Amino acid sequence: MIYIIMGVSGCGKSTLGAFLSEKLGWPLHEGDDFHPQENIEKMARGEPLTDQDRLPWLLKLHEVIERERCSGSDALVACSALKRLYRQILLHGSKALASSSSAGQDIPSPTYPDVFFLFLYGDYELLHQRMVARNGHYMKADMLRSQFDVLEPPLDEENVLLLDIRRSIADMAMEVERHIVSLKSSPML
């Protein structure tokens, strides 16, 4: 089973991911570690990434997700996954690009039964306060608005579990654990 922990910068993806990784014993693949250096430098200068900037990064993360899925492993991936197209690229790689640009192509399914998105959501003010308070991250607080501007919250059909960031990390992790237990007792997986 793969959980993709998603949301705008400052929502707690890395913190929740590290907590879940420790608690569940699952590997955490931190999306920030897969950005090309040019992307990091661009964000550090306060310039939002374009779809073109994000593409190689998303394709690398798709490879990680596919490797984990094919091996039958459980894993966590922290990635903003702001747009539906980005989430489709994470799941289907370059096939998602072909289907989004060609009218006659089959559209890939919105998700796989063993991949779930954990959408950490909250309001702009709370997230901005968090970002101003954190140190040592290349993503500057004044770039948060650009992420909210492009955010396309996931739909139910995308296998999403909504997590309100006003809750504690431990509380959100307990909800994820309940989700895992409910899935393991379900005959679908």
Side-chain angles (χ1 to χ4, degrees), residues 1-14 16-17 20 26 28-29 31 34 48-55 57-66 68-69 74-127 144-167 169 171-189:
M1 190 170 340
I2 309 294
Y3 279 104
I4 301 170
I5 307 165
M6 62 160 291
V8 297
S9 188
C11 69
K13 296 180 295 288
S14 298
L16 179 62
L20 286 169
W26 294 9
L28 170 64
H29 302 280
F34 293 85
L49 297 179
T50 64
D51 288 353
Q52 207 54 41
D53 294 328
R54 286 185 176 99
L55 184 58
W57 171 66
L58 292 166
L59 289 171
K60 278 186 198 174
L61 288 171
H62 164 72
E63 290 172 8
V64 169
I65 292 164
E66 276 302 289
E68 293 289 6
R69 284 187 72 235
D74 295 319
L76 303 159
V77 176
C79 171
S80 55
L82 298 173
K83 292 183 179 182
R84 182 176 174 94
L85 176 61
Y86 301 169
R87 295 186 291 276
Q88 290 296 292
I89 294 169
L90 290 172
L91 295 174
H92 303 288
S94 56
K95 289 182 213 153
L97 295 169
S99 68
S100 73
S101 62
S102 302
Q105 291 250 333
D106 288 335
I107 297 172
S109 67
T111 191
Y112 293 117
D114 59 342
V115 179
F116 295 86
F117 290 95
L118 303 176
F119 177 37
L120 279 61
Y121 69 91
D123 70 26
Y124 177 84
E125 290 307 318
L126 174 58
L127 286 156
L144 181 61
R145 176 55 59 200
S146 69
Q147 290 205 330
F148 267 89
D149 290 345
V150 300
L151 177 64
E152 296 171 3
L155 305 172
D156 288 342
E157 70 182 21
E158 292 181 83
N159 280 357
V160 62
L161 183 62
L162 304 176
L163 299 171
D164 187 332
I165 65 165
R166 293 174 297 182
R167 298 166 60 191
I169 293 293
D171 190 37
M172 288 190 284
M174 279 185 16
E175 186 168 344
V176 173
E177 287 181 289
R178 284 192 296 269
H179 189 253
I180 293 168
V181 168
S182 75
L183 291 171
K184 296 217 184 233
S185 64
S186 168
M188 289 174 54
L189 284 180

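Everything numeric in this text was worked out from a predicted model, so none of it was measured. Quick note: numbers below take in every heavy atom, side chains included, and nothing from hydrogens, waters or symmetry partners.
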Checklist entry - For Q88, does its backbone N or O pair with a side-chain atom of K95 as donor and acceptor, under 3.5 Å? => result no

Checklist entry - Side-chain contact, heavy-atom cut-off 4.5 Å: L183 with H179? => result yes

Item to check | Considering all heavy atoms, the nearest E157-R84 contact | outcome: OE2-NH2, 2.8 Å

Checklist entry - Out of curiosity, D164 CG to F119 CZ, how far, rounded to the nearest 0.5 Å? => result 10.5 Å

Checklist outcome for this item: Taking every heavy atom of V64 against every heavy atom of F34, the minimum-distance pair comes out as CG2-CE2, 3.6 Å

Checklist entry - Any idea how Y3 and F116 line up, ring-wise: parallel (<30°), tilted (30 to 60°), or perpendicular (>60°)? => result tilted

Checklist entry - Can you list the steps and then say if I165 with Y121 is a side-chain contact (heavy atoms from CB on, under 4.5 Å)? => result CA-CA 6 Å; I165 65 165; Y121 69 91; 5.9 Å; no

Checklist entry - How about D51 and Y86: does a side-chain donor come under 3.5 Å of a side-chain acceptor? => result yes

Checklist entry - To the nearest 0.5 Å, how far apart are CG in N159 and CD1 in I4? => result 10.0 Å

Checklist entry - Which pair of heavy atoms, one from M172 and one from L120, lies closest together, and at what distance? => result SD-CG, 4.5 Å

Checklist entry - What heavy-atom pair brings E66 and L91 nearest, and what distance separates the two atoms? => result OE2-O, 4.0 Å

Next on the checklist: Is the distance from the ring center of H92 to that of Y112 below 6.0 Å?
Outcome noted: yes

Checklist entry - Checking side-chain contact (heavy atoms from CB on, under 4.5 Å) for the pair C79/L58: CA distance, chi angles, key distance, verdict? => result CA-CA 9 Å; C79 171; L58 292 166; 4.3 Å; yes

Checklist entry - Do D123 side-chain atoms and L126 backbone N/O form a donor-acceptor pair below 3.5 Å? => result yes

Checklist entry - So, does W57 use its side chain to make a donor-acceptor pair with the main chain of G31 at under 3.5 Å? => result yes

Checklist entry - Any donor-acceptor pair under 3.5 Å linking the side chain of K13 with the backbone of G7? => result yes

Item to check | Side-chain donor/acceptor of Q147 to backbone N/O of S9, under 3.5 Å | outcome: yes

Checklist entry - Are L118 and L20 side-chain neighbours, meaning at least one heavy-atom pair lies under 4.5 Å? => result yes

Checklist entry - Are side-chain N/O atoms of D149 and S146 paired as donor and acceptor at under 3.5 Å? => result no

Checklist entry - Do the non-hydrogen side-chain atoms of R54 and K83 ever get within less than 4.5 Å of each other? => result no

Item to check | Spacing of CD belonging to E152 relative to CD belonging to E158, to within rounding of 0.5 Å | outcome: 9.0 Å

Checklist entry - Do L155 and V160 pass the side-chain contact (heavy atoms from CB on, under 4.5 Å) test, and can you show the C-alpha distance, the side-chain angles, and the key distance before you say yes or no? => result CA-CA 7 Å; L155 305 172; V160 62; over 6 Å; no

Checklist entry - Quick one: does V8's side chain get under 4.5 Å of F148's, heavy atoms only? => result yes

Next on the checklist: Using every non-hydrogen atom in the two residues, find where L97 and I89 come nearest and quote the distance to one decimal.
Outcome noted: CD2-CD1, 3.7 Å

Item to check | Considering all heavy atoms, the nearest M1-D74 contact | outcome: N-OD1, 2.6 Å

Item to check | Candidate pair V176 and L163, rule side-chain contact (heavy atoms from CB on, under 4.5 Å), full reasoning | outcome: CA-CA 9 Å; V176 173; L163 299 171; 4.0 Å; yes

Next on the checklist: So does I65 get a backbone contact from the side chain of E68, meaning a donor-acceptor N/O pair under 3.5 Å?
Outcome noted: no

Checklist entry - Any salt bridge between E63 and K60, counting N to O under 4.0 Å? => result no

